Amino acid sequence: MNCKLNTPPPNFIRNIIIEDIKSGKHGGKVITRFPPEPNGYLHIGHAKSIVLNFGLALEFNGRCHLRFDDTNPTKEEEEYVLAIQEDVAWLGYYWGKHLYYASDYFDRLYDYAIELIKMGKAYVCDLSAEQIRQYRGTLKEPGKESPYRNRSVEENLDLFRRMRQGEFPDGARVLRAKIDMASGNLNMRDPVIYRIMHTSHHRTGNKWCIYPMYDFTHCLSDSIEGITHSICTLEFEDHRPLYDWFLDQLKVECHPQQIEFARLNLSYTVLSKRKLIQLVEGGFVSGWDDPRMPTISGIRRRGYSPASIRNFCERIGVAKRDSVVDIALLEHCVREDLNKTSPRVMAVLKPLKVVIENYPEGKTEELEAVNNPEDPSAGTRMVPFSREIYIEQDDFREDPPKKFFRLAPGKEVRLRYAYFITCHRVIKDEKTGEIIELRCTYDPETRGGAAPDGRKVRGTLHWVSAIHAVKAEVRLYDRLFSVPDPDHGKEGADFKTFINPRSLEVIHDCMVEPGLRDARPGDRYQFERIGYFCVDTVDSDPGHLVFNRTVPLRDTWAKIEKTHRKGK
RNA sequence: UGGGGCGUCGUCAAGCGGUAAGACACGGGUCUUUGGAACCCGCAUUCGGAGGUUCGAAUCCUCCCGCCCCAGCCA
């Protein structure tokens, strides 16, 4: 475990656990579980659950199991179980030997079902799916009892065994719990607990042709593993009576407590599996790991650190009310972490050539640059400087507005770690009028960036020596959606219509300092004055560097300019 | 009168009868060789609404209003 734990803020689940420990419930133990269905990729919403479950286990000296809820072979695949394990591990959590599969319990679950039948608490029903739906009644009207509800135990036993033997086709019969067709809670109206599926399972192969349903499987799996607190999301609140019913009927030795909390919603994105699939399959993104996706793999590729995700999940809190967390908090969490850990480097995204006329031609010198002002132990590096350099196009204005502290005709600025330069001439393309080069002079007395005469300059620019520069491709990622709540657009507009057309801008001829030549996939940097970037793990290679922008630095100037424009 | 939940600052969220934490966002300032970071200040006389109990209520009671979830042989 590599994550520190300052005491997390209080939340109702933690409070329940503290009380339970105090009262000696469950022998004072805390055993939780994270139970994903391996039918898709994990996203930031799952991270909330992972951090909650593993975090609680860690805090109270218990343990957290990783259990795959794999009871529906038509939807689940091995590929997902591998991806999920990778994501949980990347987040920094270890389940150790406690890796389980609901499918490991199929034999025991079958035995439990037999037991239920013997108690007269379950029966085989021959109604079709459509009929079962009709018999279930509606939200306001009670259901009707199935004509098969009162079969004898012997007949039920025989039929259920034959279901297992494969004597019946898919959908022919199901095993149902005998509870209450008039219950206000539809989950209690004789829920199906086993269905016939002649489908091979990614782990049990063709051993089974009947598979247990979630409600029956989950509570018993929890019980088998000795889970103390079974934490799930709000939509399962209605299932709790059923969760408890099975455990009560079967007189198991361990009866975990199910506790529900509100799932995470994040502004400017979507988190439902169904919608994420549409983004992938519709080609709106490059895949599940597209850096704009809220999936763990996407976020990872985007350059977010595991620590920042954990921190985010702890800060958003855990409660029962529906809420939408501002994505600005997530962005704040990455900046906060990356600020302390990322080496600084100079990179020019949109280069503008600057010729320093009074600097000797052919001369090169090495200037010392600090790697991370937040971390002295990161040391320093040498950066080459020469007569021709690149600066950011945005750092020059021929006609500067008020408070523009960067370069302009006649203005002096500091080149970070280098010299003060003053702009004397602007060279433009004769035809287009586009600025193609600046002619400047430098003050040799200001080497390193300090003025011996105490002269102040407000602006400090990053730069890259032209002959030493390394070219790179940079991908500027932005929020995937242009509205805070794409899920609930006006008039039920499809969420895809809110996709931010500028969520990705690719820049091909960026100039980065030479030390970056050796950057490895996944390496994270702060491009000074611009933002945090990481080397793309899929498309970058030594001959063609590709950087992903994780998140831009806070840009006060952009804000000033914006409000200025609005105000005038 | 189907059943189950939830309503505290723009957004999250503590609070559990003793007189509204914190974070993000936002606004202002200090500092600065990143207009970054850091630091300082401001930001709910009020807790969905109305009654009631109490010396005292966001916290207890009553009624009302609003929002979310449930009719898969999905999880």
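Bear in mind the structure is a predicted one, so any value in this text is a computation, not a measurement.
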Exercise. Once you round it to whole Å, what is the distance between P of B/C70 and CD of A/Glu235?
Worked result: 8 Å
For this session: Using a 4.0 Å heavy-atom cut-off across all strands, classify A/Phe236 as base, sugar-phosphate, or nothing.
Result: base
Exercise. Between B/A71, B/C73, B/U34, which one does the side chain of A/Ile132 approach most closely?
Worked result: B/C73
Exercise. So does A/Thr71 get a side-chain nitrogen or oxygen closer than 4.0 Å to the phosphate oxygens (OP1/OP2) of B/A75?
Worked result: yes
Exercise. Within this structure, what is the CG-to-P distance between A/Leu127 and B/G72, rounded to whole angstrom?
Worked result: 14 Å
For this session: Check whether any side-chain nitrogen or oxygen of A/Arg321 sits under 4.0 Å from OP1 or OP2 of B/G5, and answer yes or no.
Result: no
For this session: Would you state whether a donor and an acceptor, one from the side chain of A/Asp238 and one from the base of B/G3, lie under 3.5 Å apart?
Result: yes
Exercise. Are there more than 12 heavy atoms of other residues, nucleotides or ligands under 6.0 Å from atom CZ of A/Arg458?
Worked result: no
For this session: Mind checking A/Asp170 for me? I need base, sugar-phosphate or nothing, with any heavy atom below 4.0 Å counting as a touch.
Result: nothing
For this session: With heavy atoms under 4.0 Å as the rule, sort A/His239 into base, sugar-phosphate or nothing.
Result: base
Exercise. Hey, does A/Asn339 reach any base, or is it just sugar-phosphate, or nothing, if we go heavy atoms under 4.0 Å?
Worked result: base
Exercise. Taking the side chain as C-beta and beyond, is there a heavy-atom pair between A/Asp395 and A/Leu407 under 4.5 Å?
Worked result: no
For this session: Please tell me if the side chains of A/Arg14 and A/Asn11 come closer than 4.5 Å, counting only heavy atoms from C-beta onward.
Result: yes
Exercise. The side chain of A/Lys559 lies closest to which of these nucleotides: B/G5, B/U34, B/C26?
Worked result: B/C26
Exercise. Relative to the 5' end of RNA chain B, which residue comes earlier, A/Gln526 or A/Asp326, by the nucleotide with the nearest heavy atom?
Worked result: A/Asp326
Exercise. How about A/Val192 and A/Leu175: do any of their side-chain heavy atoms sit closer than 4.5 Å?
Worked result: no
For this session: Would you mind classifying the nucleic acid contact of A/Val174 as base, sugar-phosphate or nothing, using non-hydrogen atoms under 4.0 angstrom?
Result: base
Exercise. Can A/Tyr214 be said to stack with the base of B/A75, given centres closer than 5.5 angstrom and planes under 30 degrees apart?
Worked result: no
For this session: Considering only atom C1', compute the distance from B/A20 to B/U8 and round it to an integer number of Å.
Result: 8 Å
For this session: Measure from the side chain of A/Pro10, starting at C-beta and using heavy atoms only, and say which of B/A14, B/A75, B/C68 lies closest.
Result: B/A14
Exercise. Below 3.5 Å, does any donor atom in the side chain of A/Glu374 face an acceptor in the base of B/G36, or the other way round?
Worked result: yes
Problem set entry | Polar side-chain atom of A/Tyr211 near backbone of A/Thr199 as donor-acceptor pair, under 3.5 Å | yes
For this session: Apply the side-chain contact (heavy atoms from CB on, under 4.5 Å) test between A/Glu37 and each candidate in A/Asp70, A/Thr71, A/Asn72; give the one that qualifies.
Result: A/Asn72
For this session: Answer with yes or no whether the side chains of A/Gln258 and A/Glu260 bring together a donor and an acceptor at under 3.5 Å.
Result: yes
For this session: Please list all pairs passing the side chain to side chain donor-acceptor pair (under 3.5 Å) test where one or both residues lie in residues 316-328 of chain A, with sequence neighbours left out.
Result: A/Glu237-A/Lys320
Exercise. For the side chain of A/Asn185, counting heavy atoms from C-beta on, which of B/C73, B/G3, B/C24 is nearest?
Worked result: B/G3
Exercise. So, is A/Asn15 close to the B/C16 phosphate, meaning a side-chain N or O under 4.0 Å from OP1 or OP2?
Worked result: no
For this session: Find the distance between CG (A/Leu349) and CZ (A/Arg529) and round it off to the nearest 0.5 Å.
Result: 11.5 Å
Exercise. What integer number of Å spans the C1' atoms of B/C60 and B/C67?
Worked result: 25 Å
Problem set entry | Secondary-structure notation, RNA chain B, from Watson-Crick and G-U pairs under 3.5 angstrom (| other strand) | .(((((((.[[[..)..(...]]].(((((.......))))).....[[[[[..)....]]]]])))))).....
Exercise. Which one, B/G35, B/G36, B/C74, comes nearest to the side chain of A/Leu553?
Worked result: B/G36
Exercise. Just how far, in rounded Å, is C1' of B/C73 from CZ of A/Arg189?
Worked result: 17 Å
Exercise. Rounded to the nearest Å, what distance is computed from the CE atom of residue A/Met188 to the P atom of nucleotide B/G3?
Worked result: 15 Å
Exercise. Which of the following nucleotides, B/C24, B/U34, B/C74, is nearest to the side chain of A/Glu528?
Worked result: B/U34
Problem set entry | Nearest to side-chain heavy atoms of A/Glu237, which nucleotide of B/G5, B/A75, B/A23 | B/G5
Exercise. Is there a donor and acceptor pair, one atom on the side chain of A/Arg554 and one on the base of B/G35, closer than 3.5 Å?
Worked result: no
For this session: Compare the minimum distances between each of B/C24, B/C12, B/G36 and the side chain of A/Ser323, then state the nucleotide with the smallest one.
Result: B/C12
Exercise. A/Asn187 CG to B/C74 P: how many Å, rounded?
Worked result: 14 Å
For this session: Any chance you could lay out the side-chain hydrogen bond (donor to acceptor under 3.5 Å, both in side chains) test for A/Thr233 and A/Glu235, step after step, and finish with the verdict?
Result: CA-CA 6 Å; A/Thr233 44; A/Glu235 66 270 27; 3.0 Å; yes
For this session: Measure the distance from CD1 on A/Ile16 to P on B/C16 and round it to the nearest whole Å.
Result: 16 Å
Problem set entry | P gap between B/G4 and B/G27, integer Å | 46 Å
Seminar exercise, completed: Picking from B/G5, B/A25, B/A75, the nucleotide nearest the side-chain atoms of A/His332 would be B/A25
Exercise. Which nucleotide in the list B/A75, B/C70, B/G35 gets nearest to the side chain of A/Met213?
Worked result: B/A75
Problem set entry | Along RNA chain B (nearest heavy atom to each residue), the more 5'-positioned of A/Glu37 and A/Leu139 | A/Leu139
Problem set entry | Nearest-Å distance for atom pair CD/C1', residues A/Glu314 and B/G22 | 15 Å
Exercise. Side chains of A/Ser305 and A/Leu338: does their closest heavy-atom pair fall under 4.5 Å?
Worked result: yes
Exercise. How far, in whole Å, is B/A21 from B/C61 if one measures between their P atoms?
Worked result: 25 Å
Exercise. In whole Å, what separates the C1' atom of B/U45 from that of B/U19?
Worked result: 11 Å
Problem set entry | Pairwise P distance for B/C70 and B/G18, with rounding to whole Å | 38 Å
Exercise. Is the glycosidic torsion of B/G72 within 90° of 0, making it syn, or is it anti?
Worked result: syn
